[in-house]
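To start, the structure under review is shown below, and the notes come after it.
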There are 2 protein chains.
Amino acid sequence: MTILIADDEERDRKWLKELLSSHLPECPSIVEVADGQAAIDSALKLRPKLVFLDIKMPKQSGIKAAEQILQQLPETGVIMLSNFADEVYVRQLWRIVPANGAFGYVLKNASNEQVVEAARAVLSGDCWVHPGIARVIQRTQNRATNLTAAEYEALACIALGLTDHAIAKRLYLTEKAVQSRLKSLYSKLGIPGRTEAHDTDFNQRCRSVCLATRRGLINQSELEDWESKLLETKSGGLAQ
Amino acid sequence: MTILIADDEERDRKWLKELLSSHLPECPSIVEVADGQAAIDSALKLRPKLVFLDIKMPKQSGIKAAEQILQQLPETGVIMLSNFADEVYVRQLWRIVPANGAFGYVLKNASNEQVVEAARAVLSGDCWVHPGIARVIQRTQNRATNLTAAEYEALACIALGLTDHAIAKRLYLTEKAVQSRLKSLYSKLGIPGRTEAHDTDFNQRCRSVCLATRRGLINQSELEDWESKLLETKSGGLAQ
DNA sequence: ATGGCAATTGGGGTTTACCCTGGGGAATTG
DNA sequence: CAATTCCCCAGGGTAAACCCCAATTGCCAT
């Protein structure tokens with residue numbers, strides 16, 4: 001029974017390896033890799049029972065690595081190891097993990113006990129999510145607050161600073177459609193409109209970016225992905 | 001010769017303590033504390049030669065702790081230990097450190113060698129900044145890109161999602177004055193205007209928040225400070 | 001089929017954000 | 001003393017963002 005650890009930080013790898021080898025004697029073989037591609041390769045070769053994946057890694061993100069691994073070996077237990085409680089990642093993970101698969105989500109500031117607990121849970125087929133993420137999972141399933149793919153897309157666009165017109169051009173929509181998406185986005189984020197309360201102090205556009213960032217719906221590295229995705233078709237390129 | 005370590009993460013403290021005690025035998029006494037207030041208290045009592053300060057800490061931020069400590073004991077060598085390369089913090093540190101003081105700025109993903117190097121440098125009166133921060137320091141001194149306090153204030157406001165009108169109300173300014181600040185902010189961030197290129201795909205307001213975040217000019221915890229500062233006078237409170 | 005729901009689109013409006021030009025006061029610098 | 005720089009303020013204009021109402025389409029469920 002082997003365990004795979006994928007993390008680009010040597011310090012974290014060592015910490016985790018030491019922790020696991022001293023608390024899980026049933027797993028004598030622990031392999032370390034330092035990037036996402038190596039994680040996929042090693043997983044397919046070694047067929048480990050459990051894989052720890054850091055989210056922010058070179059070559060391939062931990063999420064993409066998890067997708068590849070679970071596609072080939074759905075039995076694998078996957079534990080994401082993240083610095084952030086970002087809802088984006090939980091959303092993505094949710095779609096990737098098979099219905100009866102075991103996965104874990106632990107933050108890097110977790111205690112040693114929590115990590116061992118998560119490992120034990122996933123090894124025995126259960127799921128383990130960091131307390132504090134539960135709230136996020138709750139939100140991904142609540143109809144009133146869960147964003148649709150379309151709304152999420154619009155959110156990413158305004159967070160990048162695009163105008164309605166530019167968004168419409170890139171997503172092949174009408175400006176009206178864009179505004180419609182934004183309107184429902186605003187209401188789902190709970191941002192007051194201009195008419196109600198009439199003392200509305202908020203620019204909805206910027207406010208939604210602020211709140212979405214605060215809730216972990218979007219973050220910088222995700223936005224950079226979106227940016228390259230949105231600009232690759234436009235040969236002209238954009239300033240800045 | 002004692003060293004003080006202030007970090008709320010036990011794991012990081014242990015790593016750092018082990019590292020320093022094995023590489024700096026001339027400092028047998030290493031004291032650990034877990035929050036900003038304790039850091040100030042211990043520093044004033046122990047008068048250490050060198051203080052490691054994490055930026056994100058309970059009670060008091062590492063920056064504020066550094067300010068207090070350096071005010072009382074300007075001879076102290078201070079090394080900030082941060083997760084991020086945020087320009088905000090470098091800006092603030094710049095103002096705090098006395099002209100001939102020794103300080104360091106190392107990112108948490110630094111190698112062991114780099115940390116020891118930084119510690120040695122600061123102990124002997126030199127400064128040490130993480131490679132990759134140098135660029136930020138450069139920007140804080142370049143006239144064309146360095147934001148004034150007024151522009152920075154405006155930036156924080158729009159990042160919070162406030163309208164021109166709301167900003168004016170809170171800062172006791174005219175809307176025109178706010179727009180004037182924003183205009184110079186946009187140009188310093190290098191955001192193209194609507195007139196030039198006439199195919200301007202950007203909403204300057206949102207775009208500036210995007211770029212400022214990417215450059216580390218602003219970040220979530222700083223914004224939350226601003227938010228409480230801006231709302232404490234308004235008894236009415238704001239939605240969300 | 002019939003009704004409900006979500007997404008897109010349209011018309012026609014108000015408000016806000018941004019553009020340009022320019023002036024005046026305060027503090028800094030040579 | 002200039003000269004510069006920064007900051008605040010003004011008027012008048014354009015374009016983008018946001019508002020309400022309504023019609024369409026397609027999907028899904030009873």
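All heavy atoms count here, side chains included; hydrogens, waters and symmetry mates do not. Numbered from 1 within each chain, the chains take letters A, B, ... in sequence-line order.
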Legend entry - Heavy-atom check, side chain of Val51(B) versus side chain of Met80(B), under 4.5 Å: no
Legend entry - 5' priority, DNA chain D, between Tyr186(A) and Ala150(B) [closest heavy atom]: Ala150(B)
Inset, instruction - Please state how far atom CZ in Arg207(B) lies from atom P in dA17(D), giving the value in whole angstrom units. - result: 14 Å
Inset, instruction - Tell me whether the OP1 or OP2 atom of dC7(D) has a side-chain N or O from Thr148(B) closer than 4.0 Å. - result: yes
Legend entry - Distance-only side-chain donor-acceptor flag, Glu224(B) / Ser221(B), under 3.5 Å: no
Legend entry - Residue Gln204(A), side-chain atoms from C-beta onward, closest of dT8(C), dC8(D), dC19(D): dC19(D)
Inset, instruction - Give the rounded distance in Å between these two atoms: CD of Glu175(B) and P of dA10(D). - result: 11 Å
Inset, instruction - Could you tell me which non-hydrogen atom of Lys108(B) sits nearest to which non-hydrogen atom of Asp7(B), and how far apart they are? - result: NZ-OD2, 3.1 Å
Legend entry - Between P of dC18(D) and CZ of Phe202(A), the distance in whole Å: 14 Å
Legend entry - Rounded distance (Å) that lies between atom P of dC9(D) and atom NE2 of His165(B): 14 Å
Inset, instruction - Report yes if a side-chain nitrogen or oxygen of Ser180(B) is closer than 4.0 Å to either non-bridging phosphate oxygen (OP1 or OP2) of dC7(D); otherwise report no. - result: no
Inset, instruction - Could you state the atom-to-atom distance from CZ of Arg205(B) to P of dC19(C) in whole Å? - result: 12 Å
Inset, instruction - Would you kindly say whether Gln60(B) and Asp35(B) are connected by a side-chain donor-acceptor distance under 3.5 Å? - result: no
Inset, instruction - Give a yes or no on this: more than 12 heavy atoms of other residues, nucleotides or ligands lie within 6.0 Å of atom CD of Glu75(A). - result: no
Inset, instruction - Establish, with yes or no, whether the OP1 or OP2 oxygen of dT16(C) is under 4.0 angstrom from a side-chain nitrogen or oxygen of Gln179(B). - result: no
Legend entry - Distance, rounded to the nearest Å, where Leu147(A) contributes CG and dA6(C) contributes P: 15 Å
Inset, instruction - Please state whether the base of dG22(C) and the side chain of Lys176(B) form at least one donor-acceptor pair under 3.5 Å? - result: no
Legend entry - Rounded interatomic separation in angstrom, taking CG from Asp164(A) and P from dT9(C): 13 Å
Legend entry - dC7(D) OP1/OP2 closer than 4.0 Å to side-chain N/O of Arg181(B): no
Inset, instruction - Compare the minimum distances between each of dC8(D), dC18(C), dT8(C) and the side chain of Asn203(B), then state the nucleotide with the smallest one. - result: dC18(C)
Legend entry - Protein-nucleotide distance (Asp201(B), atom CG; dA17(D), atom P), rounded to Å: 11 Å
